[in-house]
Amino acid sequence: MKTIIKNIDPANIDMEIIEEFGKMLARGETVIFPTETVYGLGANALDEEAASKIYKAKGRPSDNPLLVHVADIDDVEALVEVIDDKAKLLMEKFWPGPLTILFNKKDIIPDRTSGGLKTVAIRMPSDEIARKLIRASKVPIAAPSANISGKPSPTKAEHIIKDMDGRVNGILVANDCNFGVESTIIDLSGEYPLILRPGCITLEMLRQVLGRVEIDPSLMSAKDNIRAKAPGMKYKHYSPDAQVYIVAGEEKNRIKKINELIEENSKKGLKSGVLCMKKNSDQYNCKTFNLGESYEEAAHNLFDELIKLDQEGIDIAYAESFEENGVGLAIMNRLKKSAAYRIIEV
Ligand code: TXA
Ligand code: MG
């Protein structure tokens, strides 16, 4: 397939390009576009055949439902049974932005989009290119992250062009994504709201608006992970070819332990790498992958650095652990999955 690739400047959005790509989506074609979280691989959410193309391009299991993107709050009504008060509150407070809300779907959403579920996950991105594109297409856009299934989500255009050129009809190339981890997913259907995937809209922020909110308990351990309520959270995910381990414990001990492991690996001819905060990057006797100076920066950089592990031919990577609060919860969730829940406690 010939992929049309166009650059677009977020500071000066070229509406001719937006119209061209919007028409591609309206015709049932696939387009990769930027959002504030990660790049999405989009197609018409109401068109079963178009949605099928997404699964094919990603190599995604067909029971994993797609997330639907809208340009405006008013677009939700046509897609869902009811918008209850809690959902209204969240939409007012956090949309446009990186929060995905589950609703009971109307029949207009085909099974191919919802993965056969009765619910549909909807979000309204804050990225202006994304919203203008959805508006130009005149349909809701189903768009999972634009990675090959199982790999880290793409936050930079170079990731996408490498993996997806030839697999989709169009790629809109813009700046790097802002948040870097995918949207928070919330399910309001139970006794209390449940976070199915942590993201940059944090548990603390959601509790401020809704009161009691909990995290899907199956996200916390490998054993329970097969029961994750968001189907995509149970699959092998965010996995570079390198074997990743999280190292937890007091910083001084952690650095010592990692350096011992690096030495053992090098005796076996294995190349080590460390995913660490900038302040520690000269503490390790191997190549380091710098996550930045704050949790926000680490979220922004995480997928890019995971992708770089493979580009550098790393066999075994150690990741410094993060406190599991605020954005740290989202970072640790992605890290645990990329490490297949292997954690070394020191
Ligand atoms: O930030 C994001 O959310 C990005 C950008 C592109 O918007 N999208 C994204 O999509 O991360 P995806 O498909 O990679 O992840 C969506 C997750 C999957 O784990 C999927 O299983 C879950 O949402 N999901 C979708 N619909 C669902 C539903 N009806 N019930 C439960 N989980 C659902
Ligand atoms: Mg994904």
Side-chain angles (χ1 to χ4, degrees), residues 1 3 5 30-43 51-67 98 100 115 142-168 171-173 176-177 179-183 185 197-199 219 222 225-226 228 230-246 271 273 275 289 291 298-319 330-342:
M1 177 188 301
T3 302
I5 302 177
T30 48
V31 168
I32 292 179
F33 60 94
T35 83
E36 71 278 19
T37 57
V38 301
Y39 275 82
L41 195 172
S52 305
K53 292 180 189 166
I54 296 178
Y55 288 94
K56 186 149 174 261
K58 277 183 65 95
R60 180 177 176 113
S62 59
D63 64 341
N64 190 3
L66 303 173
L67 197 156
T100 298
S145 48
N147 49 292
I148 300 283
S149 197
K151 292 289 169 195
S153 305
T155 54
K156 290 186 168 191
E158 66 195 60
H159 302 155
I160 290 153
I161 294 173
K162 187 170 150 283
D163 284 353
M164 289 292 176
D165 191 5
R167 299 175 80 98
V168 292
I171 300 179
L172 264 186
V173 175
D176 295 352
C177 297
F179 292 110
V181 289
E182 307 91 336
S183 60
I185 302 179
R197 178 174 71 182
L219 299 186
N225 191 235
I226 41 167
M233 297 308 282
K234 69 180 184 239
Y235 299 110
K236 181 170 177 281
H237 216 153
Y238 311 117
S239 306
D241 295 332
Q243 245 187 32
V244 181
Y245 292 83
I246 298 171
K271 197 171 168 188
L275 291 156
F289 296 80
L291 293 175
H300 174 87
N301 293 327
L302 181 65
F303 291 139
D304 189 31
E305 297 304 320
L306 282 171
I307 290 167
K308 277 190 199 150
L309 292 175
D310 291 344
Q311 290 166 352
E312 294 287 337
I314 301 295
D315 298 303
I316 302 190
Y318 302 102
I331 299 172
M332 280 300 277
N333 169 263
R334 307 313 190 271
L335 265 181
K336 279 182 188 166
K337 292 192 68 69
S338 68
Y341 289 87
R342 286 179 296 247

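In this chain, numbering begins with 1 at the start of the sequence shown. Source: prediction; values computed, not measured.
- Side-chain atoms of T30 do not come within 3.5 Å of backbone N or O of I54 as any donor-acceptor pair.
- Applying the side-chain hydrogen bond (donor to acceptor under 3.5 Å, both in side chains) test to R167 and every residue at least two apart in sequence or in another chain returns nothing.
- Between the side chain of S145 and the backbone N or O of N147, no donor-acceptor pair lies under 3.5 Å.
- Residues forming a salt bridge (charged side-chain N to carboxylate O under 4.0 Å, His left out) with R334 (at least two apart in sequence, or on another chain): E182.
- Residues forming a side-chain contact (heavy atoms from CB on, under 4.5 Å) with A339 (at least two apart in sequence, or on another chain): V244, I246.
- Residues V173 and I160 fail the side-chain proximity criterion, which asks for heavy atoms closer than 4.5 Å.
- For the residue pair S153 and Y238, the shortest heavy atom distance occurs at OG-CE2, 3.8 Å.
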Would L306 and L275 count as a side chain to side chain contact (heavy atoms under 4.5 Å, CB included) if you check the C-alpha gap in whole Å, the side-chain angles of each, and the deciding distance to 0.1 Å? CA-CA 8 Å; L306 282 171; L275 291 156; 3.9 Å; yes
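- Minimum interatomic distance between F303 and T155 (heavy atoms only, all atoms of both residues): CD1-CG2, 4.2 Å.
- Of the possible polar contacts, one joining the D310 side chain to the D241 backbone as a donor-acceptor pair under 3.5 Å is found.
- Applying the side-chain contact (heavy atoms from CB on, under 4.5 Å) rule to A143 yields the partners F33, H69, I141; only residues at least two apart in sequence or on another chain are considered.
- Taking each heavy atom of N301 and L291 in turn, the nearest pair found is ND2-O, 3.0 Å.
- For D304, the salt bridge (charged side-chain N to carboxylate O under 4.0 Å, His left out) criterion is met by K156, K308, not counting sequence neighbours.
- Two residues are said to be in side-chain contact when any heavy atoms from C-beta on lie closer than 4.5 Å; K151 and H159 fail this criterion.
- For the residue pair I314 and F289, the shortest heavy atom distance occurs at CG1-CZ, 3.7 Å.
- One side chain, S183 or T100, offers a donor N or O that lies under 3.5 Å from an acceptor on the other.
- Between P65 and P231 the shortest heavy-atom distance is CD-CG, 3.4 Å.
- In this structure, K271 contributes its side chain and I316 its backbone to no donor-acceptor pair below 3.5 Å.
- Residues meeting the side-chain contact (heavy atoms from CB on, under 4.5 Å) test with A228, sequence neighbours left out: D216, S218, L219, N225, M233, K234.
- Closest non-hydrogen pair, C177 versus T37, comes out as CB-O, 3.1 Å.
- Side-chain contact check for K58 versus N64: every heavy-atom pair is 4.5 Å or farther apart.
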